[in-house]
Amino acid sequence: MWIGLQMFACLGVPWRDQLFGVEDPIGKVIRVTNLPCKVVATLHPKGQSLSGQDQDDTISCPIPRPEEDQRITWLDDILCSAVSADAVKVAGQEATAILRDRHHLRPEQEDDFNIRNPEDIIQAQLDASQTLPFY
């Protein structure tokens, strides 16, 4: 049995249904990459994205800071939200500043990470749809 920090999980609808069916998952323990995670919430359904991807097919696990758990060596994605639609751009700029500082990047160095916001994703999809030939 793993003893240490308590890990938590929030389940999207497909995972909740697949793992627990009609049973209430709150308080149950699942394993995510061999770490036991206590289910503390289920996510509200979002449906499909503009590209057809199921946005509900997710498990979110808030992670401890790396100094609290030495097994965490890198992150692939961090999902964030802003307090309002008007604050998205400022939140992205603040996240960029924090990541540049934490990655010890000098002003002349390029970012070694990507920050995407909903407007960028929508614009990329529109640009891609305009470049495809229609027959």
Side-chain angles (χ1 to χ4, degrees):
M1 177 178 214
W2 181 71
I3 299 174
L5 292 170
Q6 177 71 53
M7 299 287 289
F8 301 100
C10 302
L11 302 179
V13 174
W15 284 102
R16 180 200 64 202
D17 293 348
Q18 182 178 354
L19 294 173
F20 297 98
V22 296
E23 185 180 353
D24 182 9
I26 306 301
K28 302 289 193 300
V29 176
I30 62 171
R31 290 196 169 274
V32 178
T33 61
N34 291 328
L35 291 175
C37 297
K38 183 176 183 178
V39 178
V40 295
T42 56
L43 303 171
H44 289 284
K46 293 182 180 179
Q48 290 188 341
S49 67
L50 292 174
S51 64
Q53 182 179 3
D54 183 356
Q55 297 180 89
D56 301 319
D57 188 12
T58 187
I59 298 175
S60 297
C61 298
I63 61 168
R65 294 187 310 268
E67 62 268 17
E68 294 175 347
D69 188 345
Q70 296 302 313
R71 291 171 295 176
I72 299 169
T73 58
W74 60 276
L75 295 175
D76 186 31
D77 292 307
I78 301 173
L79 180 63
C80 303
S81 61
V83 295
S84 70
D86 295 335
V88 170
K89 188 170 190 166
V90 173
Q93 292 167 343
E94 290 177 358
T96 297
I98 291 168
L99 287 170
R100 287 188 61 80
D101 178 64
R102 300 282 168 85
H103 290 200
H104 307 289
L105 296 174
R106 293 184 306 274
E108 69 274 7
Q109 289 180 295
E110 289 188 26
D111 294 343
D112 61 355
F113 55 86
N114 293 309
I115 293 185
R116 285 169 265 164
N117 66 52
E119 293 169 354
D120 294 341
I121 295 168
I122 291 169
Q123 188 60 51
Q125 290 171 341
L126 289 172
D127 292 347
S129 69
Q130 292 173 358
T131 60
L132 297 175
F134 291 98
Y135 297 100

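Heavy atoms only: backbone and side chains are in, while hydrogens, waters and symmetry mates are out.
- Apart from Val32 itself, the hydrophobic cluster it occupies contains Leu11, Trp15, Leu19, Phe20, Ile26, Ile30, Val39, Ile59, where clustering links Ile, Leu, Val, Met, Phe, Trp and Tyr at side-chain heavy-atom distances under 4.5 Å.
- Counting only residues at least two apart or on different chains, the ring pair (Phe, Tyr, Trp, His ring centres under 6.0 Å) pairs with a member in residues 83-104 are His103-Phe113.
- Chaining together hydrophobic side chains whose heavy atoms lie under 4.5 Å apart leaves Val90 on its own.
- Hydrophobic clustering of Ile, Leu, Val, Met, Phe, Trp and Tyr side chains at less than 4.5 Å, counting indirect connections, keeps Leu43 apart from Phe8.
- Heavy atoms of other residues, nucleotides or ligands lying less than 6.0 angstrom from NZ of Lys28 number more than 12.
- In this structure, CG in Asp24 is found 9.5 Å from CZ in Arg16, a value given to the nearest 0.5 Å.
- Rounding to the nearest 0.5 Å places CZ of Arg100 at 9.0 Å from CD of Glu110.
- With rounding to the nearest 0.5 angstrom, the CG atom of Asp56 is 11.5 Å from the NE2 atom of His44.
- Here the closest heavy-atom approach between residue Asp111 and residue Leu105 is recorded as CA-CD1, 3.9 Å.
- The two residues Asp54 and Pro14 make their nearest non-hydrogen contact at OD2-CG, 3.6 Å.
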